[in-house]
Engineer: 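I'd like to ask some things about the structure below.
In this chain, residues are counted from 1 in sequence order.
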Amino acid sequence: TTAVTAASGPTCRKMGQTCTHLENKYSLAVTPAFHALALKENQSEGWCEPHVVENVETSNFSIEDVRPAPGSEVQDVHSETSTALQDDHQDSSLPFPANSFESLYGCPASPDVVETMFPRGDRGLEWTALLVGATWYDPNECLDSREIKPRRVLLPVRSSELSSSLVKTNDRRCIFSGVLNGWPGLTCLELVSIAKPVKGRSLSMQTCWEAKSGDDPPSIPPDFTTAKLCLRMPSWTSHGWSRDNPGRVWWFFAQRPMGPVLTWGQNMGRVLRQDLERFGEPMPKAVAAHQIVHRYAVGDRRETRADLATYHSAVLLEWEHGLYTTVVEMGPMGGIAARRGRSDWYDDKLDDCTALSRYMPACMVMPWRDDLAEIRCCDVEARNLDEFKSYVARYAGHEHRFVDPQFPYSGPVRLSRRSQRDIMEYLYNYMAKEKKFDIRFRSCQTFACDFFSLLSGLKEDVKPWNPAMAKNYVPHRDWFLYTPDGDHPPFTDETKDTQLESAEPSPDSTSPRKRSV
């Protein structure tokens, strides 16, 4: 297995974990010659896809071989316009960032770069991290070697690692520049406050420093054990994952004939338009919608009352072309990216390196948030409802994925504006109106009911599957239809975007997507 080494100075380590993307069927060490894949990504443009690099002999391979050469057209896996700062990752970029467990400390970007990338503002996503001393050890959070485990919910970081990664800007802000606890999306965060435990009251914390005071952070005392940090991302993260591409909706074009691509936010429509223009194809139109609900598999353990009452809900879209279908669902933000691209809708969910994880950009890979929502759209192989039901049946049961799967509502899409681009805009508008996730009133079930009733025209009979939620359900179909208000940008930039409702294949265009239906 190829080792990834860091230059002297910065702390760059795998935290005792193996980069699993080198240990599967795409392993770069199991074939004598191969096409090394480098992730071609532009996070400001909102898409990423694989880029084939020249053949490389295994014996001479290193991670640097799949990194784009300076000045090449291929973008690095950490774009300057995402939460990541390119200078932070000169020695730790990996082909598939969603599978990286590496932390990076002690190699911050320059104050001028940080200040440019992180404008002053107080509306960004906030995170709570656990600051710990040099001798701190918790068997749940540390390896036997006392190294902190990567990708922890508590976001533990030692005081020496934090202090070596802080940058003080000209406007007196303290910015963390690195990779926090192995989360590729947590790379540039402002230190907002520090709170320490109250002596004699183990569960109480008292704020001992705040950024708004204008003072420098306090020095760490010798007997220091733990403290709580409040960290904040740039203000544009309140709208999306990347600075120039707002919107918490992503679409995985898994059935794309020239290879999968993941796109998100405003630029979903741009990527779709480029593909249609490239192959002279008409804009896809949705023709049918089906709602699916199911409980989650729990393995060998007995289901609790909460398990029995918890149903996930999604909407399956059938398209006029009949080549594939699309599963549209709402869930907690980061629920797929934080789990290395493991989705129930694909056969490879349990693989070490899923197809979805290979196209997941670094800016999305951060701890999941059960208080914030995202909408996910996954193109799947099933071409119609019957084929999709066969897929669900194959994974039914507690030893698999789906328990008690049901299809309570089905019907034709009756909207006059039902193109794929229209669907993207509806979902974008819906998320722009309300970003919260709450199991009581804004969850996968309420979204699925809103979305299905919008598409089908059915209203009165469409209710959440959970009886308690159905009793208090307030429909919000109107959220799909209206342009975002306030400072949230609209989905369409009229100067750049072009409708393709009436696009027809060009006479000399040969589409690779044609197959028997």
Side-chain angles (χ1 to χ4, degrees), residues 6 9-17 78 83-85 87-89 91-92 97 100-109 114 117-118 124-169 173-197 205-211 216-234 237 334 338 362-363 365-369:
T11 303
C12 179
R13 48 199 170 95
K14 293 190 180 66
M15 301 291 190
Q17 297 287 329
H78 297 284
T83 52
L85 293 180
D87 290 345
D88 289 345
H89 304 84
D91 299 296
S92 63
S100 169
F101 280 72
E102 294 187 17
S103 299
L104 181 64
Y105 304 111
C107 188
V114 171
M117 297 296 300
F118 201 128
L125 296 184
E126 292 191 353
W127 302 87
T128 298
L130 181 66
L131 184 66
V132 299
T135 60
W136 177 84
Y137 175 77
D138 183 328
N140 294 322
E141 306 296 328
C142 299
L143 303 170
D144 293 339
S145 63
R146 306 186 75 87
E147 284 187 303
I148 294 175
K149 295 178 182 178
R151 301 271 191 106
R152 310 305 292 173
V153 176
L154 293 178
L155 298 179
V157 56
R158 298 204 185 273
S159 56
S160 58
E161 296 169 337
L162 177 71
S163 60
S164 66
S165 305
L166 286 179
V167 177
K168 189 171 182 179
T169 62
R173 290 178 296 149
C174 292
I175 310 292
F176 169 83
S177 174
V179 180
L180 181 63
N181 191 228
W183 292 101
L186 298 183
T187 62
C188 194
L189 306 105
E190 180 180 359
L191 181 59
V192 177
S193 66
I194 302 175
K196 63 180 181 180
M205 304 292 288
Q206 180 181 14
T207 301
C208 60
W209 177 83
E210 290 183 302
D216 292 334
S219 57
I220 306 300
D223 58 347
F224 165 78
T225 53
T226 62
K228 184 175 73 173
L229 303 176
C230 179
L231 302 168
R232 183 167 57 215
M233 302 177 82
T237 58
C363 61
V365 186
M366 57 185 74
W368 59 90
R369 294 280 296 262

Engineer: Check M205 against A195 and note the closest heavy-atom contact, atom names and distance.
Structural biologist: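 What the structure gives for the nearest pair is CE-O, 3.3 Å.
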
Engineer: I'd like to know whether Y105 forms a side-chain contact (heavy atoms from CB on, under 4.5 Å) with L162, so could you lay out the CA-CA distance, the side-chain angles of the two residues, the decisive distance to 0.1 Å, and finally the verdict.
Structural biologist: CA-CA 7 Å; Y105 304 111; L162 177 71; over 6 Å; no

Engineer: Within a 6.0 Å radius of atom CG on D144, are there more than 12 heavy atoms belonging to other residues, nucleotides or ligands?
Structural biologist: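 No.
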
Engineer: State, yes or no, whether a side-chain contact exists between L130 and W136 at a heavy-atom distance under 4.5 Å.
Structural biologist: yes

Engineer: Does some side-chain heavy atom of W183 sit less than 4.5 Å from a side-chain heavy atom of E102?
Structural biologist: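 Sidechains of W183 and E102: no contact.
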
Engineer: Show your working on side-chain contact (heavy atoms from CB on, under 4.5 Å) between C230 and E126 and close with a plain yes or no.
Structural biologist: CA-CA 7 Å; C230 179; E126 292 191 353; 3.7 Å; yes

Engineer: State, to 0.1 Å, how close P139 and K149 come at their nearest heavy-atom pair, and which atoms those are.
Structural biologist: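 Shortest heavy-atom contact: O-NZ, 3.6 Å.
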
Engineer: Report the distance from atom NZ of K228 to atom SG of C208, rounding to the nearest 0.5 Å.
Structural biologist: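 K228 NZ to C208 SG: 11.0 Å, rounded to 0.5 Å.
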
Engineer: Going by side-chain contact (heavy atoms from CB on, under 4.5 Å), V132 matches just one of I148, T225, L154. Which one?
Structural biologist: I148

Engineer: Start with the C-alpha distance between L229 and V157, add both sets of side-chain angles, then the distance that settles side-chain contact (heavy atoms from CB on, under 4.5 Å), and finish with yes or no.
Structural biologist: CA-CA 10 Å; L229 303 176; V157 56; 4.3 Å; yes

Engineer: Hey, which of L155, L125, L231 is the one that makes side-chain contact (heavy atoms from CB on, under 4.5 Å) with L186?
Structural biologist: L155

Engineer: Answer yes or no: is there a side-chain heavy-atom contact under 4.5 Å between C142 and E147?
Structural biologist: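 No. Closest side-chain heavy atoms not under 4.5 Å.
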
Engineer: Quick one, T226 and P197 - any side-chain contact, counting heavy atoms below 4.5 Å?
Structural biologist: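 Yes; the side chains approach each other to less than 4.5 Å.
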
Engineer: Would a 4.5 Å heavy-atom cut-off, applied to side chains only, mark V365 and R151 as touching?
Structural biologist: yes

Engineer: Are the side chains of P108 and L166 in contact, using a 4.5 Å heavy-atom criterion?
Structural biologist: no

Engineer: Could you pull out the closest heavy-atom pair between G133 and S159, with the gap in Å?
Structural biologist: CA-OG, 4.4 Å

Engineer: Please report the interatomic distance CD1(I175) to CG(L189), rounded to the nearest 0.5 Å.
Structural biologist: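 Taking CD1 in I175 and CG in L189, the distance rounds to 8.5 Å.
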
Engineer: In sequence, state the C-alpha distance, the side-chain angles, and the governing distance for E141 and R152, and then conclude on side-chain contact (heavy atoms from CB on, under 4.5 Å).
Structural biologist: CA-CA 7 Å; E141 306 296 328; R152 310 305 292 173; 3.1 Å; yes

Engineer: Locate the shortest heavy-atom distance separating R173 from F118; write the atom from each residue and the value.
Structural biologist: NH2-O, 2.8 Å

Engineer: Return the OG1 to CE distance between T187 and M233, rounded to the nearest 0.5 Å.
Structural biologist: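 Between atom OG1 of T187 and atom CE of M233 there are 6.5 Å.
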
Engineer: Using side-chain heavy atoms (C-beta onward) and a distance below 4.5 Å, is V153 in contact with P367?
Structural biologist: no

Engineer: Any idea which heavy atoms bring F176 and S165 closest together, and the distance?
Structural biologist: CE1-CB, 3.4 Å

Engineer: Who passes side-chain hydrogen bond (donor to acceptor under 3.5 Å, both in side chains) against D216, sequence neighbours left out?
Structural biologist: K168

Engineer: Of all heavy-atom pairs between S103 and G182, which one has the smallest distance, and what is that distance?
Structural biologist: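 Heavy atoms only, the tightest pair is OG-N, 2.8 Å.
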
